[in-house]
**Student:** 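Please read through the structure below; I'll follow up with questions.
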Amino acid sequence: MLRWVVLLVLAGSQALAAVPVAPAASAPVAAANWVHAYAAFGAPKYPADYDHFGYVNPAAPKSGTLYLPNSDRRTSFDKLNTYTIKGNSPAGVPIFMIDTLAFLAADETQTMYGLLAEAMQVAPDKSSIAFRLNPKARFSNGDPVTSEDVKFSFDTLTGKFVEPRYNTDYEGVARAVVMDPRTIRFELNDKSTDQIFKLGRLPVFSHKWGMKPDGTHPPFDQVVDEPPIGSGPYTVARTDSGRRIEFQRNPDYWARDLPVRRGMFNFDRIVYRLYQDEDVATEAFKAGEYDIVRVYTAKLWERQLVGPKFDDGRI
């Protein structure tokens, strides 16, 4: 459409004519591509057709049981919902049961590869990031992972009753928009790489987790003992009085043959045993009750991790 501009001759203070002028052309907007990986610095190490990460053995045998102790100061647990404030949840739930939209490679500087999302689309100005879900993605109950589940997870983790760090992590997100059953877009107020990576690490669980028979959801802090319905490689096999939890590998894990997961999660079972104090835990390790210990003090290393099993190489 043309607009009209009046030209003036200053010397004679007289309008000469009204002439049509074409509007200025808008600057072209660069189209964002769908990509298999997003790197904060440079290009991703692994191309779109990569087979596995270089630091794993893709043919690793899958068998056996791994026994682990307390992973932190928690000496017991009284809930299975790891995201709420009140109470203690067991170690391992978010690691082994809950997949995220993307996964950070361990041999690169801040590069994420699609996990639940088969592709990502970041706006050139970082004002949004969209995720297109893998059609193979399934929860442990067999349901497909949908963009509605992603939005439910996001809305839950930015609502009430959750650990404050989740609200902090996603405070730069303006809104989550479901585009179709497999596509969701997050519009950002915080147009930063950091916010994009935090969304890539968004934990995704089923909207059916904690759902009542009538289809409604209780307040999230009332979802306590029900195991999360996640899409991760393990499910809960058993718990014992808040002192032991056992995870079993899901043979039907949807991502077991994807490049982003190939060669990982090889133990059939992973068992956490929680001990009341470090001295008890150290003696339990020496007795063979669990397989790995991390040592943080020189005194423990020098004075307590000694004995015949250390001398002959069994430990």
**Student:** With a distance cut-off below 6.0 Å to the six-membered ring centre and an angular limit of 45° from the axis, does Arg249 pair with Phe265 as a cation-pi contact?
**Tutor:** no
**Student:** In terms of hydrophobic clusters joined by side-chain contacts under 4.5 Å, are Met97 and Leu258 together?
**Tutor:** yes
**Student:** Between Lys79 and Thr84, do the side chains contain a donor N or O and an acceptor N or O under 3.5 Å apart?
**Tutor:** yes
**Student:** Same cluster for Phe53 and Phe197 if Ile/Leu/Val/Met/Phe/Trp/Tyr side chains link at under 4.5 Å?
**Tutor:** yes
**Student:** Heavy-atom count around Tyr55 OH within 6.0 Å, excluding the residue itself: above 12?
**Tutor:** yes
**Student:** Can you tell me if Arg314 has over 12 outside heavy atoms packed within less than 6.0 Å of its CZ?
**Tutor:** yes
**Student:** Can a donor-acceptor pair be found between the side chains of Thr282 and Asp279 at a distance below 3.5 Å?
**Tutor:** no
**Student:** Check for a donor-acceptor pair, side chain of Asp149 on one end and backbone N or O of His207 on the other, with a separation under 3.5 Å.
**Tutor:** yes
**Student:** Looking at Arg201 and Asp169, is there a salt bridge between them, counting it only when a charged N and a carboxylate O are closer than 4.0 Å?
**Tutor:** no
**Student:** Nearest 0.5 angstrom please: Arg165 CZ to Leu157 CG, how far?
**Tutor:** 9.0 Å
**Student:** Answer whether the closest heavy-atom distance between the side chains of Met264 and Val56 falls below 4.5 Å.
**Tutor:** yes
**Student:** Run the side-chain contact (heavy atoms from CB on, under 4.5 Å) check on Thr100 and Leu202 step by step: do they pass?
**Tutor:** CA-CA 5 Å; Thr100 52; Leu202 176 72; 5.9 Å; no
**Student:** Which atom names give the shortest non-hydrogen contact between Ala60 and Gly263, and what distance separates them?
**Tutor:** CB-O, 4.4 Å
**Student:** Verify side-chain contact (heavy atoms from CB on, under 4.5 Å) between Leu116 and Phe131, making sure each step is shown before the conclusion.
**Tutor:** CA-CA 9 Å; Leu116 284 171; Phe131 297 93; over 6 Å; no
**Student:** Quick one: do the Asp190 and Ser192 side chains pair a donor with an acceptor below 3.5 Å?
**Tutor:** yes
**Student:** Do Ile292 and Leu66 have side chains that get closer than 4.5 Å, going by heavy atoms?
**Tutor:** yes
**Student:** Any idea which heavy atoms bring Pro44 and Ala39 closest together, and the distance?
**Tutor:** N-CB, 3.9 Å
**Student:** Would you tell me whether Asn134 and Trp254 have side-chain atoms, one donor and one acceptor, within less than 3.5 Å of each other?
**Tutor:** no
**Student:** Got a second to check how far Leu101's CG is from Phe186's CZ, nearest 0.5 Å?
**Tutor:** 6.0 Å
**Student:** What's the spacing between Ile245 CD1 and Arg238 CZ if we round to 0.5 Å?
**Tutor:** 11.0 Å
**Student:** Would a distance-only check, ignoring hydrogens and angles, find a side-chain to backbone donor-acceptor pair under 3.5 Å from Asp78 to Asn88?
**Tutor:** yes
**Student:** Calculate, to the nearest 0.5 Å, the distance between atoms CG and CD1 belonging to Asp291 and Ile270 respectively.
**Tutor:** 11.0 Å
**Student:** Enter the distance from Ile129:CD1 to Gln195:CD here, rounded to the nearest 0.5 Å.
**Tutor:** 10.0 Å
**Student:** Test salt bridge (Lys or Arg N to Asp or Glu O under 4.0 Å) on Asp214 and Lys212 and set out the steps.
**Tutor:** CA-CA 5 Å; Asp214 62 1; Lys212 296 179 180 180; 6.0 Å; no
**Student:** Heavy atoms only: give me the nearest Asn266-Tyr234 pair and the separation to one decimal.
**Tutor:** N-OH, 4.0 Å
**Student:** Please test Arg262 against Asp51 for salt bridge (Lys or Arg N to Asp or Glu O under 4.0 Å), starting from the C-alpha separation and ending with a verdict.
**Tutor:** CA-CA 8 Å; Arg262 187 171 289 128; Asp51 183 74; 3.0 Å; yes
**Student:** Does a salt bridge link Asp72 with Arg74, judged by any charged N lying under 4.0 Å from a carboxylate O?
**Tutor:** yes
**Student:** Around atom NZ of Lys62, are there more than 12 heavy atoms of other residues, nucleotides or ligands at under 6.0 Å?
**Tutor:** yes
**Student:** Evaluate side-chain contact (heavy atoms from CB on, under 4.5 Å) for Arg261 paired with Phe103, printing each intermediate quantity in order.
**Tutor:** CA-CA 9 Å; Arg261 282 295 193 234; Phe103 178 78; 3.4 Å; yes
**Student:** Considering only heavy atoms from C-beta outward, does the side chain of Leu80 approach that of Pro90 to under 4.5 Å?
**Tutor:** yes
**Student:** Using a 4.5 Å cut-off on heavy atoms from C-beta on, say whether the side chain of Val260 contacts that of Tyr46.
**Tutor:** no
**Student:** Just wondering, more than 12 heavy atoms not from Trp34 lying within 6.0 Å of its CH2?
**Tutor:** yes
**Student:** Does one hydrophobic cluster hold both Val177 and Met120, with members joined at side-chain heavy-atom distances below 4.5 Å?
**Tutor:** no
**Student:** Hey, mind stepping through Ile98 and Tyr83 against side-chain contact (heavy atoms from CB on, under 4.5 Å) and telling me if it holds?
**Tutor:** CA-CA 12 Å; Ile98 308 293; Tyr83 302 107; 3.5 Å; yes
**Student:** How far apart are the closest heavy atoms of Leu133 and Ser147, and which atoms are they?
**Tutor:** CD1-N, 3.4 Å
**Student:** Are any of the side-chain nitrogens in Glu148 or Lys151 under 4.0 Å away from the carboxylate oxygens of its partner?
**Tutor:** no
**Student:** Can you tell if the side chain of Arg138 reaches within under 4.5 Å of the side chain of Pro144, non-hydrogen atoms only?
**Tutor:** yes
**Student:** Do Ile85 and Val93 belong together in a cluster built from hydrophobic side chains that touch within less than 4.5 Å?
**Tutor:** no
**Student:** Side-chain donor-acceptor pair under 3.5 Å between Glu278 and Tyr296, yes or no?
**Tutor:** no
**Student:** For Ser241 and Arg243, indicate whether the former's side chain and the latter's backbone hold a donor-acceptor pair under 3.5 Å.
**Tutor:** no
**Student:** Determine, using the 4.5 Å side-chain heavy-atom cutoff (strictly less than), whether Met179 and Ile184 are members of one ILVMFWY cluster.
**Tutor:** no
**Student:** Hey, what's the ring geometry for Phe220 with Trp209, parallel, tilted or perpendicular (30° and 60° as the breaks)?
**Tutor:** perpendicular
**Student:** Are any of the side-chain heavy atoms of Lys309 and Lys286 separated by less than 4.5 Å?
**Tutor:** no
**Student:** Check for a donor-acceptor pair, side chain of Lys160 on one end and backbone N or O of Pro219 on the other, with a separation under 3.5 Å.
**Tutor:** no
**Student:** Does Lys136 pair with Glu118 as a salt bridge, N-O distance under 4.0 Å?
**Tutor:** no
**Student:** Once rounded to the nearest 0.5 Å, what's the spacing between atom NE2 of His52 and atom CG of Asp257?
**Tutor:** 13.5 Å
**Student:** Below 6.0 angstrom between ring centroids: does that apply to Tyr275 and Tyr290?
**Tutor:** yes
